[in-house]
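Written below as structure tokens is the structure these notes are about.
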Amino acid sequence: MRILICVLGGLLTSAACMAAWWFYWPVVQAEWQVQARLAGAKDVRISKLTYNRDTRTACGFVTAAASPHPPQTHFIALPDGTVRLDPSDRLRGTSLQQLEALKRRTEYLSLVYERCPRA
């Protein structure tokens, strides 16, 4: 009887570890990707991180002290390891520069729409 209880306890422990790995490992990897992208920044904090298993993409907000990006920036961590940050370009300059800034923002927003989970 003790052997049966030990075997069942071992199986339940293994199942719990596998479930934790299945749910949390992609989130940990996304956090590592964002921290590597902002390697020069201090005090990197990630909030509202969501992971879409269908597209294998993580989305959320990052706050980094001493970073060239705004205080809280939206990010997308793609499956190939790249991290895209929300372009913070202001619409200034010539018409061509404004169109290029709009194009970058449109590309980013289309990526958010197709890859990030809906609320």
Side-chain angles (χ1 to χ4, degrees):
M1 189 65 176
R2 284 185 183 179
I3 294 173
L4 181 63
I5 291 173
C6 288
V7 168
L8 286 176
L11 289 174
L12 286 174
T13 303
S14 297
C17 289
M18 290 298 289
W21 177 79
W22 175 258
F23 288 111
Y24 295 113
W25 182 247
V27 172
V28 170
Q29 283 182 325
E31 288 178 357
W32 288 345
Q33 288 175 354
V34 172
Q35 288 175 351
R37 173 72 157 64
L38 299 173
K42 296 178 182 174
D43 192 27
V44 176
R45 286 174 292 179
I46 298 171
S47 60
K48 298 180 184 177
L49 181 67
T50 56
Y51 184 75
N52 188 345
R53 288 208 178 271
D54 295 335
T55 60
R56 296 177 30 218
T57 305
C59 300
F61 292 92
V62 63
T63 305
S67 172
H69 301 286
Q72 188 174 25
T73 305
H74 189 267
F75 72 89
I76 302 173
L78 298 170
D80 63 355
T82 58
V83 175
R84 299 274 311 263
L85 296 172
D86 187 9
S88 58
D89 299 347
R90 298 285 179 227
L91 298 177
R92 296 185 190 142
T94 65
S95 297
L96 182 60
Q97 291 170 335
Q98 291 177 5
L99 284 174
E100 288 173 355
L102 280 173
K103 180 183 175 192
R104 282 190 294 272
R105 184 158 304 273
T106 304
E107 288 171 354
Y108 182 81
L109 290 176
S110 67
L111 192 62
V112 168
Y113 182 74
E114 88 183 32
R115 296 261 184 172
C116 292
R118 314 272 186 300

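Quick caveat, the model's predicted, so the values are computed rather than measured.
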Quiz prompt | Flag side-chain contact, heavy atom, 4.5 Å: Glu107 against Pro87 | solution = no
Quiz item: What's the spacing between Glu114 CD and Asn52 CG if we round to 0.5 Å?
Solution: 11.0 Å
Practice problem: Could you go through the side-chain contact (heavy atoms from CB on, under 4.5 Å) check for Tyr108 and Arg84 one step at a time? | Solution: CA-CA 8 Å; Tyr108 182 81; Arg84 299 274 311 263; 4.1 Å; yes
Practice problem: Report yes if the side chains of Cys116 and Ile76 come closer than 4.5 Å at any heavy-atom pair, otherwise no. | Solution: yes
Self-check item: Working for side-chain contact (heavy atoms from CB on, under 4.5 Å), residues Lys48 and Cys59
Solution: CA-CA 8 Å; Lys48 298 180 184 177; Cys59 300; over 6 Å; no
Quiz item: Which residues pass the side chain to side chain donor-acceptor pair (under 3.5 Å) test with Thr50, sequence neighbours left out?
Solution: none
Exercise. Could you pull out all residues at least two apart from Thr82 that satisfy side chain to side chain donor-acceptor pair (under 3.5 Å)?
Key: Asp80
Self-check item: Leu49 and Phe75: CA distance, side-chain angles, deciding distance, side-chain contact (heavy atoms from CB on, under 4.5 Å) verdict
Solution: CA-CA 9 Å; Leu49 181 67; Phe75 72 89; 3.5 Å; yes
Exercise. Could I get the full list of side-chain contact (heavy atoms from CB on, under 4.5 Å) partners for Thr94, not counting sequence neighbours?
Key: Leu96, Gln97
Quiz prompt | Contact check, side chains of Arg115 and Pro79, non-hydrogen atoms, under 4.5 Å | solution = yes
Self-check item: Under the side-chain contact (heavy atoms from CB on, under 4.5 Å) test, residues paired with Leu109 that sit two or more places apart
Solution: Arg105
Quiz item: What residues, two or more places apart in sequence or in another chain, satisfy side-chain contact (heavy atoms from CB on, under 4.5 Å) together with Leu102?
Solution: Leu91
Self-check item: Listed partners of Thr106 passing side-chain contact (heavy atoms from CB on, under 4.5 Å), at least two apart
Solution: none
Quiz item: With sequence neighbours excluded, what pairs up with Arg45 under the salt bridge (Lys or Arg N to Asp or Glu O under 4.0 Å) test?
Solution: Asp43
Quiz item: Can you name the closest pair of heavy atoms from Thr73 and Leu85 and give their distance?
Solution: CG2-CB, 4.2 Å
Practice problem: Show your reasoning for whether side-chain contact (heavy atoms from CB on, under 4.5 Å) applies to Thr55 and Leu78. | Solution: CA-CA 9 Å; Thr55 60; Leu78 298 170; over 6 Å; no
Quiz item: What ring-ring contact (aromatic ring centres under 6.0 Å, His included) pairs are there with at least one residue in residues 37-65, not counting sequence neighbours?
Solution: Phe61-His74
